[in-house]
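One structure is given below, encoded as structure tokens.
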Amino acid sequence: MKYTTRQKAILLLSDGTIFHGKSIGISGTTFGEVCFNTGMTGYQEIFTDPSYFGQLMVATNAHIGNYGVNELEVESDSIKIAGLVCKNFSFNYSREGASGSLEDYFIKQNLICISDVDTRALVSYIRDNGAMNAVICTDETTIEELRDLLAKVPDMKGLELASKVSTKEPYFYGEENATYKISALDLGIKTNILRNLAKRDCYIKVFPFDSSYQDLAAFNPDGYFLSNGPGDPEPLSGAIQIAKEILENNKPLFGICLGHQVIGLANGISTYKMFNGHRGINHPVKNLITGKGEVTSQNHGFAVNKEELDNHPDLEITHLHLNDGTVAGMRMKNKNCFSVQYHPEASPGPHDSSYLFDQFIENIKR
């Protein structure tokens, strides 16, 4: 093992708290909302998940990079996190299927990373004080300059980010002669969602976030899908209108994460920014219909209002998060529509909830 000298780096939180570490990859500064993921594996899938756009990811696992990267294990076309904070960074990697090192991957994709941070202390601080904006700096920018720059970074509340990660042009996924046709609205869709639909005999046309219902309907689909994605759902007036029109026409509709929140807003249910959010691959959820528990993959900082949902005549809660009682899933009583706040496609994470894709297909058949 070779020893190298690395430049110092800092993580400055918007409340003035500073964490010290060392620079990995390229030099510079990067801004975003600091959040943490408790997953022990699947870092490459996490880094390329569009739902993390605009966020500085804190890895709670003690070491990152130990199994390198594989070009097939991505959830989008590039790294989507704004920056990485970790404890131990592994420059050496050991895995037969690896195509390169995580360090080289970061350099190639211009990601700024700070390691050697006391991540246990940082996560504990975020848990107590909530998610907030922060900046990673690996150059000579002064603390005073960083504070001034950080003060200008917009809060995640009210921030529309789907436009930053959505496809610019429609595209197709799956076999053209498949049994079912799906129109999917891309608010930051993960590739494994498309894989799960395709392996259930679906041919998917993926549409940009600013498409209209008429655009999606022109594909003459058997069902509609609203994807996951980053940012606040409330500014997505176009997606909310699409959801309303799908429901007015009583077409099969399935939503995941941000798509779930959009369906809630389309029904007059408000959303709110969570204190910390849920990000990890071991979150316990109870299916209220079957009574069974599920271990789930989650990544969201917003949620639908449970009290309003309880009082809505046409909606019912189907899944609850067992850690804090927040809504994890819902369905409409009078429409062919359901949605979940978590990620049944996982990647990374357990497959306990993959049955939801089968449920979508059954809804289409009916």
Side-chain angles (χ1 to χ4, degrees), residues 4-39 43-44 46-65 69 78-91 101-156 159 161 164-165 230-231 276-277 279 299 301:
T4 58
T5 300
R6 292 187 287 126
Q7 64 191 88
K8 294 180 179 179
I10 66 165
L11 172 71
L12 171 66
L13 306 185
S14 59
D15 67 358
T17 306
I18 297 175
F19 288 83
H20 296 272
K22 297 290 183 67
S23 174
I24 300 288
I26 69 169
S27 179
T29 59
T30 183
F31 300 84
E33 183 185 67
V34 65
C35 63
F36 58 89
N37 187 294
T38 58
Y43 55 71
Q44 188 178 356
I46 291 167
F47 300 160
T48 56
D49 181 349
S51 293
Y52 283 121
F53 186 86
Q55 293 183 312
L56 303 177
M57 176 55 58
V58 181
T60 60
N61 194 5
H63 49 85
I64 291 294
V69 296
S78 64
I79 288 178
K80 292 299 189 289
I81 60 172
L84 176 67
V85 183
C86 64
K87 175 59 176 171
N88 300 315
F89 190 91
S90 299
F91 293 91
S101 73
L102 187 59
E103 180 189 21
D104 290 341
Y105 188 56
F106 283 174
I107 293 172
K108 180 181 178 181
Q109 303 225 10
N110 296 315
L111 187 85
I112 294 173
C113 171
I114 177 173
S115 72
D116 296 78
V117 173
D118 186 346
T119 50
R120 291 181 69 183
L122 174 57
V123 169
S124 179
Y125 190 85
I126 297 171
R127 278 184 170 145
D128 290 341
N129 296 277
M132 65 185 78
N133 285 339
V135 54
I136 298 173
C137 179
T138 66
D139 56 28
E140 300 301 319
T141 308
T142 66
I143 298 295
E144 290 71 23
E145 290 177 291
L146 290 174
R147 286 198 179 104
D148 291 340
L149 292 170
L150 186 54
K152 299 174 183 177
V153 177
D155 290 333
M156 192 64 73
L159 198 58
L161 292 177
K164 307 294 185 183
V165 295
N276 276 318
R279 299 175 181 90
N299 169 21

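All values derive from a computational prediction rather than experimental measurement.
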Say you draw a straight line from [atom1] of [X] to [atom2] of [Y]; how long is it, rounded to the nearest 0.5 Å?
{"X": "E33", "Y": "D155", "atom1": "CD", "atom2": "CG", "result": "8.5 Å"}
{"X": "I114", "Y": "H20", "atom1": "CD1", "atom2": "NE2", "result": "9.0 Å"}
{"X": "N276", "Y": "N129", "atom1": "CG", "atom2": "CG", "result": "9.0 Å"}
{"X": "C113", "Y": "L102", "atom1": "SG", "atom2": "CG", "result": "7.5 Å"}

Non-hydrogen atoms of [X] and [Y] that approach each other most closely:
{"X": "L56", "Y": "V135", "result": "CD1-N, 4.1 Å"}
{"X": "L146", "Y": "C137", "result": "CD1-CB, 3.6 Å"}
{"X": "A59", "Y": "L84", "result": "CB-CD1, 4.3 Å"}
{"X": "R127", "Y": "T38", "result": "NH2-CG2, 4.2 Å"}
{"X": "F91", "Y": "S101", "result": "O-CB, 4.2 Å"}
{"X": "C86", "Y": "T119", "result": "C-CG2, 3.6 Å"}

Is there a side-chain contact between [X] and [Y] in this structure, where contact means two heavy atoms from C-beta onward sitting under 4.5 Å apart?
{"X": "D49", "Y": "K80", "answer": "no"}
{"X": "Q55", "Y": "I81", "answer": "no"}
{"X": "S115", "Y": "R6", "answer": "yes"}
{"X": "F31", "Y": "K152", "answer": "no"}
{"X": "R120", "Y": "K87", "answer": "no"}

List, one per line, each side-chain donor-acceptor pair under 3.5 Å for residues 21-29, sequence neighbours excluded.
{"unit_1": "S27", "atom_1": "OG", "unit_2": "T138", "atom_2": "O", "d": "3.4"}
{"unit_1": "S27", "atom_1": "OG", "unit_2": "T138", "atom_2": "OG1", "d": "3.4"}

message = Please evaluate residues R279 and I46 with respect to the criterion side chain to side chain contact (heavy atoms under 4.5 Å, CB included), reporting the C-alpha separation (whole Å), side-chain torsions for both, the decisive distance (0.1 Å), and the verdict.
response = CA-CA 10 Å; R279 299 175 181 90; I46 291 167; over 6 Å; no
Donor-acceptor pairs under 3.5 angstrom involving side-chain atoms of residues 10-19: please list them, not counting sequence neighbours.
{"unit_1": "S14", "atom_1": "OG", "unit_2": "N133", "atom_2": "O", "d": "3.4"}
{"unit_1": "D15", "atom_1": "OD1", "unit_2": "T17", "atom_2": "N", "d": "3.1"}
{"unit_1": "D15", "atom_1": "OD1", "unit_2": "T17", "atom_2": "OG1", "d": "2.9"}
{"unit_1": "D15", "atom_1": "OD2", "unit_2": "Y125", "atom_2": "OH", "d": "2.4"}
{"unit_1": "T17", "atom_1": "OG1", "unit_2": "Y125", "atom_2": "OH", "d": "2.9"}

Check: Would you say Q109's side chain and I79's backbone share a donor-acceptor pair under 3.5 angstrom?
Finding: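 Such a contact is found between Q109 side chain and I79 backbone.
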Counting only N and O atoms by type, is there a donor-acceptor contact under 3.5 Å from the side chain of T60 to the main-chain atoms of N37?
yes
N61 meets the side-chain hydrogen bond (donor to acceptor under 3.5 Å, both in side chains) criterion, sequence neighbours left out, with none
Applying side-chain hydrogen bond (donor to acceptor under 3.5 Å, both in side chains) to D139 and not counting sequence neighbours gives T141
For F36, the ring-ring contact (aromatic ring centres under 6.0 Å, His included) test, sequence neighbours excluded, returns none
ring-ring contact (aromatic ring centres under 6.0 Å, His included) filter on Y43, not counting sequence neighbours, yields F47, Y67
Next on the checklist: Is it the case that over 12 heavy atoms from other parts of the model lie below 6.0 angstrom from the CD atom of Q7?
Outcome noted: yes
